[in-house]
Each structure stands twice: as C-alpha cells, then as structure tokens.
Chemist: 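Pasting a structure here, questions to come.
Each chain gets a letter, A, B and so on, in the order its sequence line appears, and its residues count up from 1. Computation of the quantities below employed the complete heavy-atom set of this structure, encompassing side-chain atoms and omitting hydrogens, waters and symmetry-equivalent molecules.
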Number of protein chains: 2
Amino acid sequence: MTARKPTLHDVAAAAGVSIAAASFALRDKAGVSPETRDRVLAAARRLNYIANVPARSLRTARYGAVGLYLPPGSTRLPYYTEFAFGVVDAADRHGLSVILLPHRDADDPAPTTAFVDGYVVVDATAADAGIRAILDTGRPVVSAEHVLGGEGRIAASVVYDHDAALRALLEHLTRRGATRIAAVLPPDGTAWSRELTATYDAWIAERGGIPISRTISFIPTADEVDAAVGDILATERVDALIVGPSGSAAPALDAAHRAGRQVGSDLLLAAYVDEPMHGLLAPAVTSFDLVAREVGAACLEAFVSLDDAGTVTDPVQVMLPRLIVRASTAGR
Amino acid sequence: MTARKPTLHDVAAAAGVSIAAASFALRDKAGVSPETRDRVLAAARRLNYIANVPARSLRTARYGAVGLYLPPGSTRLPYYTEFAFGVVDAADRHGLSVILLPHRDADDPAPTTAFVDGYVVVDATAADAGIRAILDTGRPVVSAEHVLGGEGRIAASVVYDHDAALRALLEHLTRRGATRIAAVLPPDGTAWSRELTATYDAWIAERGGIPISRTISFIPTADEVDAAVGDILATERVDALIVGPSGSAAPALDAAHRAGRQVGSDLLLAAYVDEPMHGLLAPAVTSFDLVAREVGAACLEAFVSLDDAGTVTDPVQVMLPRLIVRASTAGR
DNA sequence: CGCGGCAGTACCGGATGTTAT
DNA sequence: AATAACATCCGGTACTGCCGC
C-alpha cells in the first residue's frame, strides 16, 4: 500500500490520453473534446488526484497563498482572531492558503516574506518595518482600514464608516434621553482615532454643544480609564459617555458606579468596540459589532478580484459597524 | 530593471562553478572545498539569491510549512492568538511558514490540507472532523494539551500541569485565610476540565473537606455564572471561590457584590484562565497566566526536533501556569 | 589505484508552445 | 480548423562518473 500520490501522469495514463490533454482537461481550458475531458475528470476522481501545488508554482510563478500580517503588540484583541478566520475561510473557498506572517524586528536580515501571491494587512501603518517590507515586495496588498503612510501603494481596502457609525450611536443616545454626551477617545496615530475624534467634535459642534472628552491609551490600564471617567463625572454634568479604546468598558462601568451613577438610567454608557465580555457585565454594555469576520472575508474577496495588473475597479469598500444595544443605554 | 529573481544558475555562473557545486555549497554539504564554498556564498549574497521554495519542494517533498489548526468556535479567546504567534515566531526562526488552516464542515469534499510537513493543533478532540482529517494524513502532529481520542497518533505534545497549578492556587487561597473553597467548573469534554475537577475534588478530600462546586458552560453566559455563583453563596458558607471557564470572572465578581460580599477580603476570588481584562476589574482578579506564547513556541520546537520517522525522545513536555496574584485574593 | 572535488545530467510534477494528425 | 502527442521549461536536488593527484 502507501501507493505514491497519483500524478498527472497517472491520470493521463488511466484516461488513455497525453499529459498535456489531461492538464488541459483538469483546468477545463479549451482544446479538449468534451468526451476526453470527462474521461480525464473521471480518472482523476477515481485516483483521488490532487494537483501538486509546488510543481504548478514552479511553472506559473503563482503560489496559491496570501500572507496575512496582523498588527504587532495588539494581537491579544479578539478582533484580530475573528478577522484572521474571515480571511482564512474566504481563502479556503477560493483554494488559497493563508500564511500567518511573523513580526520581524526593524533590522530585517531575511526578506520577511516567502512565496505568496500577495498580502492582507489590517490596522497597519508604514511606521511598522514589517509593513514597509511588505509594500516593498511590489506584490498586491489589500488592507482593512487605511494604511497610514501607505497611500497609493495599496491595491484595495476595506474600511469602516466610523463617521456614520459614531453619528448613529450619538443619535441613539440622544433618543434615549442623553443631552450631554462625553467621550473617552484613543490617542492619535490610527485612522480610526482620527475619524472618531473628528466626528465627535463635529457632531457636538453641529448642535452648538461643547465637546467633553479625554484621551487615553490605545490599550489602556484600568487606572487610566478610572482617572479619565472619574474626572469627567466629577467636573462635568454629563448624562452619557462613550468609551473608545478596547477594554475600557469594565473599568468605566466601575468608575461610574463609584461616582454614584446608575448606568443605564441616569448615565448611559456605550463602548465603541464590542467584546465578548460586554454581554457579561452588569449592566451589559452597548457597543459596535465590527463584524471582523466579514471584513476579513471582504479583504480576501477583494484580493481575488484583483486582475493581473493588481488593480481593481472599486478599490475601497466601506463596511458599517452594527450597533448592539444593551442595558447600559436603556434610558430611564 | 525588474531583473528576474536570481536562480541557482546565476549564482553558479557568477561563482564560476557548476550548479551542483553551488547547490551543495549553499546547503553546506560535504563535497566542496572551503574556497569554492565561500565563493558561492559570496556570489549568492551579492546577487541577493533566495532559494525557490516550491522548486526545492518538488524534489524533496518537504514544504517548509506547518499547518496550524485552532479550535473552531472558541477562537475569540485571546489565548489562541497569542498561541498562534508563539508558533509563528518560532517557525520563523527555523525558516518555516505557518499556514492557518480553515475549519471545514464535517462533509469533507476537499482533502482539508495542503502541502505542509506537519501540523500543530491545540485543545483538539478527535470529535472534530478537521482534527480527524489531520490525523489521517499520517503526517506528524504536535498538540498543545492532549488530544482526546487521538492517543498514540500524536508525535509530541506540550501540556499543562493543571494539577500542580490548581493545587498551588488552593494553597495560595489557604495561606490568605480561606477555609472553605468552592469551585465553578467547566463541563466534561476536555482534558483540562477533567484534570481541574479531579484535582479540586482530590485536594478537598485530602483535607477531609466537602467539595462545593457547580458546572457551567465552556463559554458561559453572564446568567449562567450569576446563577452558579449566586447559588453557591446563598446556600453554602464559603470564603473563597475559583471560577474555571474563560470569561466568568466579571460576572462572578458582580454576583458576589450583589450577594453583599467584599471580594478580596471576606470572599477571595480567583479565575483559572487569565485574561487581559482581569487587571481592569475592581478588584483586579487573580488568575493563571497560561503563557500561551511560550506554549506555542514549544510546540513548534517539538515539531522541528522530530526525526524523519516522526518520533522524538521526549514526546510530552509539561508547562506550569504562572499564578498572577491580584487584589481579589488579598485576604483580610 | 583510491579518493576528494566538481561537472554533467536525470529527475521531481505540472504548464505551455510547437508540431503532427 | 479542431485535437492530441511531443518537447521544453520552471528551479532545485541528488546520483553518476570523470578528472587529476
């Protein structure tokens, strides 16, 4: 047993045709008669034939693989795992493999990148040496969210409409009775934080209000959140609060409780980025489902729709976060 | 420009030797003189030569890649992302690529798996069709935690000593003044939950106590945790509580507060699996750092140390979770 | 005559251009 | 004008054998 894996030779022999004919039939290219094609296909199925990918790559210089680069550092966020499997599942449907790329140090001895047809990156910035190396390969790159500093070098992107989302959230809070909405925002440095800050300020200004906001770290500590929220509640008369950075819902909730506020009734609280635990808090916290899986899948679909020149008709696709309303914004 | 990628031919020509000699020199195999070897290496470096992986694979039937299979469903847990990058970074050091494998449905039309030299799986069970397909390839498989139902088909494993860890935690609670320790445990179905349950019962029995435990889901809802914790606190006189399933710390904390307990002083609370948010809760919750990254790296190292027969001298490596003591187990 | 060092060359498994039918 | 057989090539690896000492 242990019969060697069947090759194109074997299939051709079994079907009684030449290798070339078999090759054509299997990729159903023109040039073989329907009967021959069927015979070949039948033989292939019977033998459990699978094309040898490396052999094909050798000739075609295509590898059937895409490199996936997740941001270094913040990989703990569940968002990225979901995103990754969105990419993987979509790739699977197209017969592509996903290679998870390592985070290299700035000094790049090795060429960073292997044999892939292109890359998918997410929340990237050209300040990252890994991203620069990827851009320098010249192979097509698809990004989730815009790549700061990578303008014009990205073949396609899938981005969120944070402006529309945040406005929808602000309207939601207003409908639930909020009149003075404060925000705890992430620091400048990503496309996301810029859009969030700009939208918040604009929305407040449009209504003649005054913005009440504090800025904390991208991945904040409990103390940071506590301090920011505590400060807002102590110095301003607010009835709703939006917290941006991932992981800040729990400490914000806690700070609000310690300030004697009833979250969900006399203080509405919403987080921007949904996390599994938001449903487990008391009260459960309203936030945006960023549909990470769909975004990952959309990135890969954009990749496969690139033509050989690496261009596409619609280079930027927009996704809308989905608001999950929970008890923390129930209103009185 | 766009000079075609240099091949072994080019390197050989530049060094003035035959292709075969160049090939040998680059893999420093015996049979070439040191001077020749150096000339070849110099030429290769000068030309920025990189071996064409698919071409090599064609001849050697080795692919320089490992497939990584993460558990379906529970991929939201940050643990797995960390684990994955432990594998990826270690693979990078060995010049290997990591292919993130898709979760296929039970009906397996395609052969699930591409051209890889072996697999790394984590928290796997043979009940999973994807795992079965992987085992059936006959290629070496390294697992983190034992594979339920995969006994004897795993080339190497990296497992936690949950027994020692849980005992250490129980001792810790005891030192901090606990006398009656209850546990909220995961359901049977993984090696982890079995070990946890057995150890808890044994430890209590050794001290002549009576176990106080409840079982909830692997990925519980807030209500489940609330109910279990509330029930324990209402019916038993306990002064410490250990919660197993990931994500249950926050709701447990909440339930304890609602029961009028002071967590950290009159009730000690510890979670088993550490999560980033544990440090953000009030009080911060003691739990085990499962050193996911190291475990991932250890799996890959075990993989590369397999000989060609797919066996290794020490097939099971044991890791010890690291207790992170926080305010929730401060004691009075 | 044995041996180290290297060149020559037959593959690995498919894709594709060219030539017969 | 369609099909199919034949010959090459993709970039390496590994085996054989020649060469000179």
Chemist: Is any side-chain N or O of A:S33 closer than 4.0 Å to OP1 or OP2 of D:dA4?
Modeler: yes
Chemist: Return no unless some side-chain N or O of A:Y63 is found under 4.0 Å from OP1 or OP2 of D:dC10.
Modeler: no
Chemist: Would you say A:R59 reaches C:dT16's phosphate, i.e. side-chain N/O to OP1/OP2 under 4.0 Å?
Modeler: no
Chemist: Establish, with yes or no, whether the OP1 or OP2 oxygen of D:dT3 is under 4.0 angstrom from a side-chain nitrogen or oxygen of A:R37.
Modeler: no
Chemist: Just the rounded figure in Å: distance from C1' of D:dG12 to NE2 of B:H9.
Modeler: 9 Å
Chemist: Should B:K5 and B:D10 count as an ion pair when the cut-off is N to O under 4.0 Å?
Modeler: no
Chemist: Reckon A:T36 has a side-chain N or O less than 4.0 Å from the OP1 or OP2 of D:dT3?
Modeler: no
Chemist: If you look at every strand shown and take non-hydrogen atoms under 4.0 Å, does B:A21 touch a base, only sugar-phosphate, or nothing?
Modeler: sugar-phosphate
Chemist: Heavy-atom nearest nucleotide on DNA chain C for B:E35 versus A:R27: which residue maps closer to 5'?
Modeler: B:E35
Chemist: Distance check needed: D:dA7 P versus A:L8 CG, whole Å only.
Modeler: 17 Å
Chemist: Validate the cation-pi geometry between A:R45 and A:Y49: distance from NZ or CZ to the six-membered ring centre under 6.0 Å, angle to the ring axis within 45°.
Modeler: no
Chemist: Take the protein atom NZ of B:K5 and the nucleotide atom C1' of D:dG11, then report the distance between them rounded to whole Å.
Modeler: 11 Å
Chemist: Hey, does the side chain of A:S18 come within less than 4.0 Å of D:dA5's phosphate (OP1/OP2), counting only N and O?
Modeler: yes
Chemist: In whole angstroms, how far is the P atom of D:dG11 from the CG atom of B:L58?
Modeler: 12 Å
Chemist: Would you kindly give the NZ-to-P distance between B:K29 and D:dT13, to the nearest whole Å?
Modeler: 10 Å
Chemist: Let me spell it out: for each of A:P34 and B:T7, pick the nucleotide of DNA chain D with the closest heavy atom. Which residue's pick is nearer the 5' end?
Modeler: A:P34
Chemist: In whole angstrom, what separates B:R62's CZ from D:dA14's P?
Modeler: 11 Å
Chemist: Between atom CD1 in A:I19 and atom P in C:dG13, what is the gap in whole Å?
Modeler: 11 Å
Chemist: In whole angstroms, how far is the P atom of C:dG13 from the CZ atom of B:R56?
Modeler: 17 Å
Chemist: Flag the pair B:H94 / B:F303 as yes when their ring centroid distance falls below 6.0 Å, and as no otherwise.
Modeler: no
Chemist: Run the salt-bridge test on A:R104 and A:D128 with the 4.0 Å N-O cut-off and return the result as yes or no.
Modeler: no
Chemist: Hey, is the side chain of A:T60 poking within less than 4.0 Å of OP1 or OP2 on C:dA15, counting only N and O atoms?
Modeler: no
Chemist: Could you check whether the rings of A:H103 and B:F85 sit parallel, tilted or perpendicular, using 30° and 60° as the cut-offs?
Modeler: parallel
